[in-house]
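Let me begin by presenting the structure, written as structure tokens, before commenting on it.
Every chain is numbered from 1 and lettered A, B, ... according to where its sequence line falls, protein lines coming before strand lines. Note: hydrogens, waters and symmetry copies are ignored here, and every other heavy atom, side chains too, is used.
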Amino acid sequence: MVEAVDGKDTMDRLGDRAAIEDQMFRYARATDWLETDNHRLVFVDDCVFSSPHSGDMRGIDTVVDWMNRVLAPFEATQHHISNIAITFTGEHSAEAVSYVRAWHRFLDHSVPDMILWGEYHDHWIRRDGTWRIAERHVLEAGIEPRRDGGAPNPRRAKQ
Amino acid sequence: MVEAVDGKDTMDRLGDRAAIEDQMFRYARATDWLETDNHRLVFVDDCVFSSPHSGDMRGIDTVVDWMNRVLAPFEATQHHISNIAITFTGEHSAEAVSYVRAWHRFLDHSVPDMILWGEYHDHWIRRDGTWRIAERHVLEAGIEPRRDGGAPNPRRAKQ
Amino acid sequence: MVEAVDGKDTMDRLGDRAAIEDQMFRYARATDWLETDNHRLVFVDDCVFSSPHSGDMRGIDTVVDWMNRVLAPFEATQHHISNIAITFTGEHSAEAVSYVRAWHRFLDHSVPDMILWGEYHDHWIRRDGTWRIAERHVLEAGIEPRRDGGAPNPRRAKQ
């Protein structure tokens, strides 16, 4: 679960880690700044994206269309990414788990801010020299204001 | 307070930093996913753990027992770790200060979410090739909903 | 927008990234621990600092004076920095965008906690071997409790 960090290839892997982290933040900015076409620089064309709210989607066009649709009601969003844990599974592939606190403020001021506490479970691949998301699965630890539903995270699945 | 990052050993230290960060996130996941036995991979056996809620504890068995007890009332938790500042004090030792925003949702839906804004002040050592927490002291900047008590952080100690 | 991370100078740049991140966290601690003189170690003397609340300021003395004044009403603050994206523009210069969730608790218990969701848009330079902030511009995605005003972030500027 925790990558061994030692030996000769550590240095390359540190660069790879930085490159993957940069792409994670690019994802957040593409969402928060409503520059959704930039998701094309983060995902592979034939990506998979699943979340409790989107269901399973395939292909970057579908993802961008969905982003444009679901982001429209918001005045602002902010996706804070933290706890990025990367495990390399091959020269050009990695698994990553990260936490996100996604804050959403509605254009309609009568609706309270919505906050998603989630996890990203990703499969990353390096294609044409660039690390990209091949699969992203969003787990939901909880939503504020509290409501039922969502895909249980491992903690909740135990109960 | 801020580590000088230059010279020959910088590269090794970057690997050490990544290894310590990985362990910090493993701590969060062991807590949030209720896989508390994984704390045995993060702490040394003869660790010290202190917090405003636990008092001073010694030994990994005591820590895991305490985790199991205090985490039971929650439906979900999420520990966002940020602002990780590491200062190496020797080849196999480091001090680290980090911020945590620990969100807690109760199984009892009538109780509001509890959020701890805290700091981890850690002593890390490398033992048998793995970086582990020898001492973790949790400071509390504040708790939501607001309540009295807690160990003051340096800011509050000045007032 | 996303730095290419490859080739010979990657290793130096990884060290530079770590050094800049350390300084970002030092900024947060100087603020949160009310050790505002430590901002002198983070900014260059002739720095620029602008935010919706401060307007444009120039010079580290002005910044420290302002910090002392605006931080006085709080019992505690915590500045969580995340999504740090650094783009090097020269051997000794870089642009950085980061997210901040700045939590403020008032000494006056009748006032609710105030939270700023913001972005730091920085110009960094290396001077005398140390990376420092030459310019910091704070953008505001939103404030809780909700109120009008603030400098719109790129998302809001599109609407």
Side-chain angles (χ1 to χ4, degrees), chain B residues 1-18 20-21 25 78-88 94-103 115-121 139-159, chain C residues 10-38 41-42 68 71-84 98-115 126 129-132 144:
Chain B
M1 192 177 291
V2 171
E3 185 206 357
V5 175
D6 52 41
K8 176 200 157 298
D9 71 351
T10 300
M11 292 306 110
D12 298 336
R13 287 319 199 179
L14 290 174
D16 290 338
R17 289 165 67 108
I20 289 173
E21 288 175 4
F25 304 149
Q78 209 175 38
H79 287 71
H80 282 251
I81 315 297
S82 67
N83 299 40
I84 299 174
I86 301 168
T87 306
F88 291 97
E95 306 296 321
V97 175
S98 57
Y99 283 8
V100 59
R101 186 172 192 274
W103 170 79
I115 297 153
L116 168 71
W117 300 83
E119 300 179 5
Y120 295 133
H121 290 237
L139 296 192
E140 181 184 308
I143 284 184
E144 300 175 64
R146 187 165 190 149
R147 68 184 185 204
D148 291 332
N153 72 2
R155 162 67 137 116
R156 288 203 284 153
K158 290 192 173 70
Q159 289 168 341
Chain C
T10 299
M11 292 307 110
D12 297 336
R13 287 318 200 182
L14 290 174
D16 289 340
R17 288 165 68 108
I20 288 172
E21 288 175 4
D22 273 345
Q23 287 282 65
M24 287 210 180
F25 304 150
R26 191 183 232 184
Y27 169 94
R29 296 201 307 280
T31 304
D32 296 334
W33 295 2
L34 212 55
E35 300 172 345
T36 50
D37 270 331
N38 284 347
L41 307 172
V42 177
N68 287 334
L71 292 172
F74 299 111
E75 175 186 291
T77 66
Q78 209 176 38
H79 287 71
H80 282 251
I81 315 296
S82 67
N83 299 41
I84 299 174
S98 57
Y99 283 7
V100 60
R101 185 172 192 273
W103 171 79
H104 301 73
R105 171 155 288 178
F106 289 86
L107 287 163
D108 178 350
H109 288 212
S110 70
V111 182
D113 294 348
M114 189 266 283
I115 296 152
R126 177 159 42 193
T130 302
W131 285 97
R132 290 172 188 262
E144 298 176 64

- Message: Return the CZ to CD distance between B:R17 and C:E21, rounded to the nearest 0.5 Å.
- Response: 7.0 Å
- Which pair of non-hydrogen atoms, one from B:L14 and one from C:G15, has the smallest distance, and what is that distance? CD1-N, 3.8 Å
- Query: Are any of the side-chain nitrogens in C:R29 or B:E119 under 4.0 Å away from the carboxylate oxygens of its partner?
  - Reply: no
- Could you tell me which non-hydrogen atom of C:A76 sits nearest to which non-hydrogen atom of B:A141, and how far apart they are? CB-O, 3.5 Å
- Is there a donor-acceptor pair closer than 3.5 Å between any side-chain N or O of B:N83 and the backbone N or O of C:I81? yes
- Side-chain contact, heavy-atom cut-off 4.5 Å: B:I115 with C:W103? no
- Task: Examine distances only and state if a side-chain atom of C:R105 and a backbone atom of B:I143 form a donor-acceptor pair shorter than 3.5 Å.
- Result: yes
- Message: If I take atom CD from residue C:Q78 and atom OG from residue B:S82, how far apart are they, to the nearest 0.5 angstrom?
- Response: 7.0 Å
- How close do B:E144 and C:D113 get, heavy atom to heavy atom, and via which atoms? CG-OD2, 3.8 Å
- Query: In terms of side-chain heavy atoms, does C:H80 have a donor or acceptor partner in B:R101 at a distance below 3.5 Å?
  - Reply: no
- Note on the structure: Okay, B:V97 and chain C: the region with an atom under 4.5 Å from a heavy atom over there is side chain
- Check each atom of C:H109 against the heavy atoms of chain B and say whether the ones under 4.5 Å are side chain, backbone, both or neither. both
- Which atom pair, heavy atoms only, marks the closest approach of B:A85 to C:D22? CA-OD1, 4.4 Å
